[in-house]
Number of protein chains: 2
Amino acid sequence: MVKIVRFYKFGDADVLQLDELPLSEPDKGEVRLKVEAIGLNRAEVMFRQGQYLEKPESFPATLGYEASGVIDAIGEGVTEFQIGDRVSTIPGFSLKKYGVYGESAIVPVSAVAKYPEKLSPQEGTAIWVQYMTAYGALIEYGQVKAGDFVLISAASSSVGFAAIQITKAAGAVAIATTRGVSKKQMLLDNGADYVIVTNDEDLVTRVMEITNGQGANLIFDPVAGSFLETLANAAAPGATIFEYGALSPEATTFPLFPALQKGLKIQGYTVFEITSDPVKLERAKQYIYDGLDSDKLVPILDRIFPLEQIAEAHRYMESNQQTGKIIVTVP
Amino acid sequence: MVKIVRFYKFGDADVLQLDELPLSEPDKGEVRLKVEAIGLNRAEVMFRQGQYLEKPESFPATLGYEASGVIDAIGEGVTEFQIGDRVSTIPGFSLKKYGVYGESAIVPVSAVAKYPEKLSPQEGTAIWVQYMTAYGALIEYGQVKAGDFVLISAASSSVGFAAIQITKAAGAVAIATTRGVSKKQMLLDNGADYVIVTNDEDLVTRVMEITNGQGANLIFDPVAGSFLETLANAAAPGATIFEYGALSPEATTFPLFPALQKGLKIQGYTVFEITSDPVKLERAKQYIYDGLDSDKLVPILDRIFPLEQIAEAHRYMESNQQTGKIIVTVP
């Protein structure tokens, strides 16, 4: 028997429970992991709340995109990996069908990859979602280059830190935003060239000061809502604004006049555009391996919870106190 | 003395008046046209109303982007053209500084081009704004290709017809929308593969029928407002929606969930992105010359008014009865 996290209805973190279930066997094209660590994502909080892009097909539902572990069973036709390989999961599957929160997880073989030996299991589960999400927007689509000004909002999330590191690796300037002053020093210490504390400072004024009146060339934002209008006013002519989340409860206004006057592109984006395309996925993996190898990409971990405290770990994410990746370890 | 159209305050078409003024001389880098025909644009109606992207610096103000005529004076340093050349104007200037409504017009030399001999002056003034606007979105940025489904809203404008012709020239499928049934046959007769009458038909349902459930690959829209949400629902995964106008009086909502789920790009766009970039401008001119030469691009004219009826011509544009370009001729 293994412990698997499931929920029987949408709701707050208390709906998450540990069920004792028989060990499942992988189907054709799947592998099974003995899980060592789990990386938490905002998507899973929203999925648990019934607010995500997709919803469970039935209850009880499993959840979770990211785990690291050791392969302990392989399905028919799987040749790329063998039992004993240390791997972590790439978000290349639907939460309707797969979920990795638990002592054991089955995923499609296309959604696992080895992680560098120098990383711990906790670090190994904190690479694919965050770096692929930021990579897809900033590199694959945004083609960030040296000297660009990249505005990264809600920058203290794991994806935010990933975006800062990718921006710096490209020789561009990372302008991070955070609501309160408490995370400012942490962002500066971890690569941000500038930090704008939006509760205290006018974002547009500060961006224009930093960029000599030009505005930001690339903007990477998970907030949306009325904040998009502010971001459009801070954008340079021809800029692209990537919207990759829906953190704001407000309706999102399209900033028509700045968009027309400056020729702005506002692009809805999720990491699944990368993970569902084998060519883009391969490029992303190579970029991330190279970055980890050269220490330009270094996962930043926040608190670590044991699996029994999965609900507490979700509550902690919802409290927005974290800076970097929240990890759950499996004994 | 020459008659020049000017207005002394923002307002309805009645504010336009014909003032008798001394003939001006072109400055360095400018040319003067003896105007033969003027092409009307929605932008000029909005400029007259004080609703455009830019506003006059003082009153009385001139207006107008498009005229054809014969060069009758050249400023210092102008070598590209000579007196007697038949040319028409490209919208490569600010309405704050230049306006071509009148018997005589001065513009920067970069904003004039010869038009094919086979075109009349009325046709010659109906090419640059409409074809460059549609070219920039569909070809320069959108890279439309054979088999693409292109959704063209408010398709009975001069820019709409230009977009239909450019779509067809690329071997793509032109889906035109119009509010009432009255313009449907005219759109079909002039190249639209499908016409959706939005007062009578559900746009999303029809687009999905036409595209076998895939959606439109490129969408070219001057309406914005709540219509953008509808367009996003009719878009294919990875589609680009070009917003090139602000015809709707409503606030524009950003369609966040469709944008995230389908990875949509929503791009604010004006023709000035093409006319302000010499490389893009040259490509656009060559494309348009080639299209006119091969009869893939054929200007569609609507009513023709004499200069004395400029206010009547504006009122006619605001009535939205036109199909194609409204022309004003100068005796």
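Keep in mind it's a predicted model, so treat the numbers as computed, not measured. In what follows, every chain begins at residue 1, and chains take the letters A, B, ... in the order their sequences are listed. Worth knowing before you read on, the calculation uses all heavy atoms, side chains too, and leaves out hydrogens, waters and symmetry mates.
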Could you pull out all residues at least two apart from Phe161(B) that satisfy ring-ring contact (aromatic ring centres under 6.0 Å, His included)?
-> none
Could you pull out all donor-acceptor pairs under 3.5 Å where a side-chain atom in residues 233-242 of chain A meets a protein atom, sequence neighbours excluded?
unit_1, atom_1, unit_2, atom_2, d
Asn233(A), ND2, Glu229(A), O, 3.3

Answer yes or no: are there more than 12 heavy-atom neighbours, outside Arg179(A) itself, under 6.0 Å from its atom CZ?
-> no
Phe257(A) versus Gln51(B), closest heavy-atom pair with distance | CZ-O, 4.1 Å
Minimal non-hydrogen separation, Ala246(A) against Leu256(B), with atom names = CB-CD2, 3.6 Å
For Glu273(B), is it the side chain, the backbone, both, or neither that has a heavy atom closer than 4.5 Å to a heavy atom of chain A?
-> side chain
Near Lys55(B) NZ, under 6.0 Å, is it more than 12 heavy atoms from other residues, nucleotides or ligands?
-> yes
Expected contact set for residues 214-222 of chain B against chain A at heavy-atom separation under 4.5 Å reads none
Return the minimal non-hydrogen interatomic distance between Ile266(A) and Phe254(B), and the atom names on each side.
-> CG2-CE1, 3.4 Å
So NZ of Lys262(B) and OG1 of Thr270(A): to nearest 0.5 Å the spacing works out to 13.0 Å
Residue-level contacts of residues 137-158 of chain B with chain A, using a heavy-atom cutoff under 4.5 Å | none
